[in-house]
Amino acid sequence: MLKALQLEPEKCTGCLQCEMACSYENEGIFNPSKSRIKVFTFHEEGRFAPYTCTQCAEAWCLHACPVEAIVINPVTGSKDVLEDVCVGCKVCTIACPFGTVNYNADTGKVIKCDLCGGEPACASACPTQAITYVDADHTGLDRMRAHAAQTIPRN
Amino acid sequence: MAWTRKILRVNLTKGTCVAEPLNMDWATKYLGQRGLASKYLAEEIDPACDALSPANNLIMATGPLTGTMASTGGRYSVITKSPLTGAIACSNSGGFIGNEIKNAGWDMIIFEGKSPKPVYLYLENDNATLCSADEIWGKSVWETDDILHTKYQDPLLRIAAVGRAAEQGCLYSAVVNDKHRAAGRSGVGTVMASKNLKAVAVRGTKGVGNIRDPQAFIRATVEGKRVLAENAMTGEGLGALGTQALMNVINEVGAMPTRNMREVQFEGASKISGEAMLEPRESDGKANLTTNGACFGCTIACGRISTIDPQHYTIADKPQYAGNSGGLEYEAAWALGSNTGVDDLDALTYANFLCNEDGYDPISFGATVSAAMELFQIGALTTKDTGGLELKFGSAEALTKAAELVAIGEGFGKDLGLGSKRLCDKYGHPELSMTVKGQEFPAYDPRGIQGMGLAYATSNRGACHLRGYTVSSEILGVPVKTDPFATEGKPELVKAFQDATAAVDSAGLCVFTTFAWTLEDIAPQVAAACEGNWTAESMVEAGERIWNLERKFNIDAGLTAADDTLPERLLKDAAKTGPAKGKVNELGKMLPQYYQIRGWTVDGVPTAETLARLSV
């Protein structure tokens, strides 16, 4: 079963545990500036929103890459950057409509979410379950359940 | 490790920014943040200096766990000599600037001297630059934040700034970061402004590494987060109601200081409580509270994010306050509300917004307004003195107008900016000032919670609940329940809380974790991150060392045992209602024993043996 990251902004408190978990998993250091997942704060609206790569089926980044450095992970379905192949041209960062592929000036390569190979550290670290790793075909299951509970009461 | 081992020393007089290595000998004794910066302050300034002169230093310090995945590991403190108390000041803040300083590669920033012209520090990793503050001097914290974010085109820039209150010399000005978190108490913002330092803008991309044993650290911090999640207060109560969960609880036990601490219960408490913040209002059907929010790395997320009722008089022609901002915490709701007799939740929220917008401590401000209200009531203050302001207890209009005046330091706002002690002295009634060492009380009446009386009297920064929160034990039963009316055992309890808290404040963690954590939970996290032998016992010892260092600083600054006292009102006027009816605080029964177990003389001076034992 293919799984996907499910993001529920209404549960997010903006603590950035996910950003630290991501950078620690991928860079071995607590460094939000190197996180593949980002949390945005909309101060005046009182809202927080985590955001990262949704692993598009037809991935713009993958198609745009001139050196085929972005490949599909056969196990998780994630679109992974092959560091050895990436030349840092950044065309993928332009191609991605959502901005979730980014350049890392320290390495000269791009970085993006690779679902940590199937155990996403951000989801494990999130204290409020605003980030979960669920059946990719049923990311709406919890919301469906909540609405079902309201709209189909027991007689 | 976990320390970056680097200090940025900024000499504002000369305009220089120089990197220097962290004194690791001190770090392994004083840990970081409060303890370590206090050591630097005590070694580098004359404690007897004028707090607002260039001879004072101001230190922004992180702890070893700041910027890590430890829950609440985003704290920083501002350490300096206080202009309000003349004692050592250490004000702790969350938000996101502490981790940013650490990510930029610095354990602390020491500001010395005074800049000839207003400046701000721009810090991007190793690049530290003092820049002209012409475009932000005279602006509020919020405007400053917006201007600098726009100027640098960098939404991830983290900014700490002082507002107009500090520029105008308000003695309880705060250093506000991320628009609504504050190093709030003791006038640390006043010191910053006195140095012509308007703001610190930081961007760090280096990350926080140097963890001694990374695997052990992840294990210890995951376990710590589990403990927080499973605790009723840190796992549920603080997220749902914030610290405002305490409003009704403390009122019921009769320890809610009311109308300048003349009473101990407030009839309007439920209207300004955490529960009231969840009630939909008539105008737009929304509640005061929009959501809760977390500081960096915090899995408790007690922060309040609120709006003011769009129909409320305070914002009728002020769209800038229509959005969400930092809402009422318990201390602010008490000081602005119960202590002034105002039960208008929106007026309190508005006053709280102003405290954040222009950087002044809502506790000291509310307590000063309440003292002014009592002066007004007895006729010692008149509308001639206040510029026409009818400072009556219970008047929301008086409160919000006073907040507007203090924010910009105009009219009677100048007098209110003096703080309760100097205000009451000026108008001939020093007995009406509810302060210790010149700092205003927080929200727990020590007639109904005896240990808090001792904690206030002996706190190294004047009246303060965060230096020894025995409320935890005496009211909430954490870690063990003690009788709030008993004095027996309280010296030991106060000392234990003071020492443990000093250690927590030096680690980079938030003291609110201690509703669930003891040092047995914290020590493994520190030990996995840091060099040195960090156990619960060694952390207590570090805490005691820090406490004695602070005490020694204060004695060298000229404070004496005579300053370890409470206002007569709390020692002689019995509580009028509630469970504590008939009680006064019996400080005299506790203080001598406290000095003794501290290893101090009968005059409250640490003995040579005590200082040697702790290698202060």
Side-chain angles (χ1 to χ4, degrees), chain A residues 7-51 99 102-109 111 116 119-132, chain B residues 2 65-74 96 99-100 102-103 125 142 145 155-156 178-180 203-211 214 217-218 221-222 225-226 228-229 235 239 289-307 320 322-327:
Chain A
L7 307 177
E8 294 175 87
E10 65 279 8
K11 293 182 182 172
C12 179
T13 62
C15 76
L16 308 193
Q17 281 279 340
C18 56
E19 295 194 9
M20 278 185 286
C22 178
S23 58
Y24 185 75
E25 177 73 22
N26 290 289
E27 312 282 335
I29 189 165
F30 302 116
N31 189 352
S33 75
K34 298 288 186 284
S35 174
R36 280 92 168 135
I37 186 165
K38 297 300 290 179
V39 176
F40 297 91
T41 299
F42 301 93
H43 178 79
E44 297 213 344
E45 296 167 47
R47 283 199 303 128
F48 305 98
Y51 204 75
N102 285 282
Y103 183 65
N104 179 357
D106 293 349
T107 60
K109 315 282 182 182
I111 55 176
C116 298
E119 288 180 43
C122 55
S124 309
C126 180
T128 61
Q129 287 81 50
I131 307 165
T132 47
Chain B
L65 299 192
T66 305
T68 72
M69 269 184 90
S71 184
T72 77
F96 296 83
N99 55 289
E100 205 68 25
K102 196 79 176 281
N103 272 272
N125 294 336
W142 291 1
D145 193 282
L156 295 175
D178 304 285
K179 281 191 172 172
H180 61 152
R203 183 71 195 284
T205 61
K206 292 184 166 192
V208 176
N210 292 341
I211 302 296
F217 184 70
I218 295 293
T221 53
V222 165
K225 283 179 258 194
R226 185 190 64 76
L228 292 178
L289 184 78
T290 302
T291 186
N292 64 323
C295 295
F296 181 85
C298 176
T299 57
I300 302 171
C302 74
R304 303 293 88 185
I305 298 173
S306 288
T307 57
Q320 67 268 39
N324 281 276
S325 196

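All chains are named by letter (A, B, ...) in the order of the sequence lines, taking the proteins before the strands, and each is independently numbered beginning at 1.
Residue with the most contacts toward chain A among B:G239, B:A322, B:P214, B:A229: B:P214 (heavy-atom pairs, distance under 4.5 Å). Across B:G323, B:A301, B:G297, B:G326, the residue that shares the most heavy-atom pairs under 4.5 angstrom with chain A is B:G297.
A distance of 13.0 Å separates CZ of A:F42 from CD1 of B:I305, quoted to the nearest 0.5 Å.
When all heavy atoms are compared, the tightest approach of A:C15 to B:C298 is CB-O, 3.2 Å. Listed here is the closest heavy atom pair of A:A125 and B:M69: CB-CE, 3.8 Å. Among all heavy-atom pairs drawn from B:G67 and A:F30, the shortest one is O-CB, 3.4 Å.
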Write out all chain A-chain B donor-acceptor pairs shorter than 3.5 Å, or none if the list is empty.
from: A:T13; atom 1: O; to: B:A294; atom 2: N; distance (Å): 2.8
from: A:C15; atom 1: O; to: B:G297; atom 2: N; distance (Å): 2.6
from: A:Q17; atom 1: OE1; to: B:K225; atom 2: NZ; distance (Å): 2.7
from: A:Q17; atom 1: NE2; to: B:M69; atom 2: O; distance (Å): 3.1
from: A:Q17; atom 1: NE2; to: B:G297; atom 2: O; distance (Å): 2.8
from: A:F30; atom 1: N; to: B:V208; atom 2: O; distance (Å): 3.1
from: A:F30; atom 1: O; to: B:V208; atom 2: N; distance (Å): 2.7
from: A:N31; atom 1: ND2; to: B:T205; atom 2: O; distance (Å): 2.8
from: A:S33; atom 1: OG; to: B:T205; atom 2: O; distance (Å): 3.4
from: A:E44; atom 1: O; to: B:N324; atom 2: N; distance (Å): 2.6
from: A:E44; atom 1: O; to: B:N324; atom 2: ND2; distance (Å): 2.9
from: A:E45; atom 1: O; to: B:N324; atom 2: ND2; distance (Å): 3.2

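Neither the backbone nor the side chain of B:P155 comes within contact range of chain A; no heavy atom of the residue lies under 4.5 Å from a heavy atom of that chain. Contacts between B:L228 and chain A at a heavy-atom distance below 4.5 Å are absent for every atom of the residue.
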